[in-house]
Amino acid sequence: MSPTDDSASRGQRFRPADRVRRRADFDRVYQQSAYAADDTLVVRGCLNGLAHSRLGLAVSRQVGSAVVRNRWKRLVREAFRRHRGDVPTGLDLVVRPRRGATPVLARVDDSLIRLTRKLARRLGAPLP
RNA sequence: CGAGGGAACUUGACGGUCGCUGGUUCGCCCCCGCGGCGGACGAGAGGAAAGUCCGGGCUCCACAGGACAGAGUGGUCGGUAACGCCGACCGGCCGCGAGGCCAGGGAAAGUGCCACAGAAAACAAACCGCCGGGCGCUCGCCCAUCGGCGCGCACCCGGUAAGGGUGAAACGGUGAGGUAAGAGCUCACCAGCAGCCGGGGUGACCCGGCUGGCUCGGUAAACCCCACUCGGAGCAAGGCCAAACAGGGAGCAGGCAGCUCGCCGCCGAGCGGCCGCGGGUCGGUCCGGCCCGCGCACGACUCCCGGGUAGGCUGCUCGAGGCGCGGAGCAAUCCGCGUCCUAGAGAAAUGACCGUCCGCGGCACGGGCGCCCGCCGGGCGCGCCGGCCGUGACAGAACCCGGCUUACCGGUUCCCUCGCCCC
RNA sequence: CGCGGGGUGGAGCAGUCCGGUAGCUCGCGAGGCUCAUAACCUCGAGGUCGCAGGUUCGAAUCCUGUCCCCGCAA
């Protein structure tokens, strides 16, 4: 365990260890996840056994052009990074934009925090 | 000044805070792998990165040579690694012009098709019509009669293709001669075709002359013929390392001989002997005695092997490269010299927020300018300066290049054409 | 990255190969039949053939470009 694998000291950084990167991790989320959504985001998540939460993104071509898809992914990453302290820990999350939603940072911030807390209550993960 | 044509370039600038990706470098940590964490420095999307429509490099596979099939291309000459791309030129069409567009080989090699209309849609022939002849009938005239002449109608034979509302397209056009009527039947001029000759050009082709028969429709982005080109797959190519599970092999203490039983047996069970190994204990100088266990099979464990999954590394960015200067060429492009290094992700980085300026659009708030009404003043217009508001397009690298095509707010520069006015 | 299929009235499909007339079923509207509804009978409306160019006398059909939808393999 590296000494910085402590979510309290992560601050607003966003490192590769903070992302869901493996096929197997995504499969686990999709097979045993809880689900929460509003009219901006759809979030699925499960416990990951780590001291911090990890973020994975699923933005298909149905969402729009490459520019629109990149825009969504950057906004969700930015929201996750900025509000690390407000998001529950110990979860693997897969986030997907809702069909028809418009990519605005303030709404993504709000949705991400509310939906992840709802998931945490459902899964019994520690709240911040 | 107005209208227009053609090229080339550009795709906001600067600063601050918090982040991301990879590079160099420094420090710290441990289970030492060149792993994790932290800091510093400098770098980080495009003209189309897009569509994936062509062409190549590269990699792997296949391959003696050729032909057929299939696909593609299609004026000529040049450029290129190559092209279906580019340049120049030729030809055709469009435009007053600058210029623009063209899949632009072959229809006298063959086959097919040409709706409707029209006599006929391609070998030419036939219908109406026109002309000549024959025969018959009606009528008129001459005649005493026989008969003769003429007009009209029907039929038959022959000539003819000038005319026929059509159609996208109709077997050259105009004039004269000619004829029973006509016809390139003949002649002149014109259009077009073929052949020959001369000249110019590398060539496509152009210019000029002579002769000929007089004329032979369109469609090949219909089949086809001709000429030329093409092996297949793609960086998820290909290469290296390699968990776990499964597979194969070896090791981990057993070896040798004998007796009894099960059904003979080299198979199985049991018994005890010698040597060996492990443990215990006793005596003792590196040795010896006694006791217990081991012996087969399976599993576990350890090691090795090949293939290779998850995963990791590589291919991965220095290249038909950018910039500058000089030279060859009308140009596309090529050559020489100098100089620079400029993204390399992988559930996939280049983002968020703020400030100032810039471009564009709007408002008409203040100033300015012009016009109108007019006593102070007011109204309308312009959008020059300031102010306020909005806005900055199309779009995101994924092995790399050369093209094509498509999307796009705007801005800049150069060259050229036409019209009007002034000198 | 490499391929395949498809855009035709409101819906589902023919017609495209081999170019000249866009047709079928359901649905829709009007009338009839019936006491009434359905069924049935008669009549009718409704199509930029995805879009833009080109070839041709003429294009849904042939060629080129382009947009969208669906699917396949690694």
Side-chain angles (χ1 to χ4, degrees):
Chain A
M1 229 12 103
S2 59
T4 52
D5 195 358
D6 171 11
S7 65
S9 69
R10 289 188 165 259
Q12 295 193 334
R13 303 207 55 185
F14 186 63
R15 306 287 300 174
D18 299 321
R19 301 203 292 265
V20 179
R21 295 167 65 84
R22 291 174 170 274
R23 176 81 255 168
D25 292 333
F26 273 91
D27 288 345
R28 194 180 65 222
V29 171
Y30 277 112
Q31 277 167 19
Q32 38 176 282
S33 68
Y35 172 95
D38 59 14
D39 56 2
T40 303
L41 296 179
V42 175
V43 181
R44 308 177 70 97
C46 68
L47 298 172
N48 64 2
L50 299 174
H52 60 275
S53 287
R54 297 189 298 185
L55 176 68
L57 294 165
V59 183
S60 78
R61 291 196 60 188
Q62 304 296 318
V63 173
S65 67
V67 172
V68 175
R69 296 198 300 272
N70 276 340
R71 176 89 183 144
W72 270 107
K73 291 191 273 188
R74 285 165 178 158
L75 286 180
V76 174
R77 275 197 293 264
E78 184 72 8
F80 183 78
R81 179 181 77 81
R82 295 256 300 266
H83 302 286
R84 174 62 62 81
D86 299 323
V87 170
T89 57
L91 296 176
D92 272 355
L93 303 165
V94 174
V95 178
R96 165 165 71 87
R98 190 78 159 177
R99 184 188 303 271
T102 52
V104 177
L105 184 61
R107 297 173 60 178
V108 174
D109 284 347
D110 191 56
S111 289
L112 187 69
I113 294 168
R114 282 195 295 105
L115 296 175
T116 53
R117 289 186 174 188
K118 189 184 288 184
L119 282 182
R121 277 196 299 277
R122 212 167 280 173
L123 292 164
L127 287 167

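Within every chain, numbering begins at 1; the chains are lettered A, B, ... in the order of the sequence lines, protein sequences first and strands thereafter.
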Under a 4.0 Å N-O cut-off, is there an ion pair linking R54(A) with D18(A)? no
Taking any strand in view, what nucleotide pairs with C193(B) in a Watson-Crick or G-U wobble way, both distances under 3.5 Å? G212(B)
What nucleotide among A352(B), A348(B), C37(B) has an atom nearest to a side-chain atom of R19(A)? A348(B)
How far, in whole Å, is G97(B) from G75(B) if one measures between their P atoms? 27 Å
Once you apply a heavy-atom cut-off of 4.0 Å, does R22(A) come out as touching a base, just sugar-phosphate, or nothing? sugar-phosphate
Judged by atom type as modelled, is there a donor-acceptor pair below 3.5 Å linking the side chain of R69(A) to the main-chain atoms of G64(A)? yes
To the nearest Å, how far apart are D109(A) CG and A352(B) C1'? 10 Å
Does a side-chain N or O of R77(A) approach OP1 or OP2 of A349(B) to a distance below 4.0 Å, or not? yes
U21(C) glycosidic conformation (syn if within 90° of 0, otherwise anti) is anti
Side-chain N or O of R13(A) less than 4.0 angstrom from OP1 or OP2 on G38(B)? yes
Give a yes or no answer on whether the side chain of H52(A) reaches the backbone of A17(A) with a donor-acceptor pair at less than 3.5 Å. yes
Any donor-acceptor N/O pair, S111(A) side chain to V108(A) backbone, under 3.5 Å: no
Checking base pairs now: Watson-Crick or wobble, both atom distances under 3.5 Å. What partners A161(B)? none
Expressed in angstrom and rounded to an integer, what is the separation of D25(A) atom CG from A310(B) atom P? 16 Å
How long is the line joining CG of L57(A) and P of G351(B), in whole Å? 16 Å
Any-strand Watson-Crick or G-U partner of U11(B), both distances under 3.5 Å: none
Watson-Crick or G-U wobble mate for C24(C), both contacts under 3.5 Å: G12(C)
Where does G184(B) land, syn or anti, given syn is within 90° of 0? syn
Nearest-nucleotide wise, let me know which of D27(A) and L75(A) is further upstream toward the 5' end of RNA chain B. D27(A)
Out of A348(B), A45(B), G39(B), which nucleotide sits closest to the side chain of R74(A)? A45(B)
Measuring only the P atom in each nucleotide, how far is U111(B) from C225(B)? A whole number of Å is fine. 15 Å
Measure CZ/F80(A) against P/A347(B) and give the value in whole Å, please. 17 Å
Phosphate OP1/OP2 of G346(B): any R23(A) side-chain N/O under 4.0 Å: no
Does G378(B) adopt a syn or an anti glycosidic conformation, taking syn as a chi angle within 90° of 0? anti
For A345(B) versus A398(B), give the span between their C1' atoms, rounded off to a whole number of Å. 8 Å
Indicate syn or anti for U342(B), taking the glycosidic torsion and treating anything within 90° of 0 as syn. syn
Proximity to the side chain of N70(A) - top-ranked nucleotide from G346(B), A45(B), A352(B): A45(B)
Should E78(A) and R74(A) count as an ion pair when the cut-off is N to O under 4.0 Å? no
What integer number of Å spans the C1' atoms of G44(B) and C63(B)? 46 Å
Length of the NE2-P vector between H83(A) and A352(B), whole Å: 14 Å
Would you please confirm or rule out a distance under 4.0 Å between OP1 or OP2 of C20(B) and any side-chain N or O of R81(A)? no
RNA chain B nearest-nucleotide lookup for G56(A) and A66(A): closer to the 5′ end is G56(A)
Of the options A349(B), C37(B), A352(B), whose atoms approach the side-chain atoms of R71(A) most closely? A352(B)
P atoms of G367(B) and C360(B), separation to the nearest Å: 26 Å
A45(B) glycosidic torsion: syn (within 90° of 0) vs anti: syn
Using the aromatic ring of F26(A) (for Trp, its six-membered ring), decide whether it stacks on the base of A347(B) within the limits of 5.5 Å and 30°. yes
Taking G118(B) as the reference, what is the distance to G163(B) when you measure between their C1' atoms (whole Å, please)? 16 Å
W72(A) CH2 to G351(B) P: how many Å, rounded? 18 Å
How long is the line joining CZ of R84(A) and C1' of A352(B), in whole Å? 16 Å
Could D25(A) and R28(A) be called an ion pair, given the rule that one side-chain N must be under 4.0 Å from one carboxylate O? yes
When the C1' atoms of A59(C) and A22(C) are compared, how many Å lie between them, rounded to an integer? 13 Å
Could you state the interatomic distance from CG (L75(A)) to CG (L112(A)), rounded to the nearest 0.5 Å? 11.5 Å
Tell me whether the count of non-hydrogen atoms from other residues, nucleotides or ligands lying under 6.0 Å of CZ in R19(A) goes above 12. yes
Write down the distance between CG (L105(A)) and C1' (G19(B)), rounded to a whole number of angstrom. 13 Å
Partner nucleotide, any strand, of A220(B) [Watson-Crick/G-U, under 3.5 Å]: none
Pair partner, C18(B) [Watson-Crick or wobble, under 3.5 Å]: G351(B)
Both distances under 3.5 Å, Watson-Crick or G-U wobble: report the partner of C375(B), or none. none
Taking 4.0 angstrom as the limit, do R114(A) and D38(A) come out as a salt bridge? yes
Between G209(B) and G192(B), how far apart are the two P atoms, rounded to whole Å? 14 Å
Can you tell me the Watson-Crick or wobble partner of C62(C), both distances under 3.5 angstrom? G54(C)
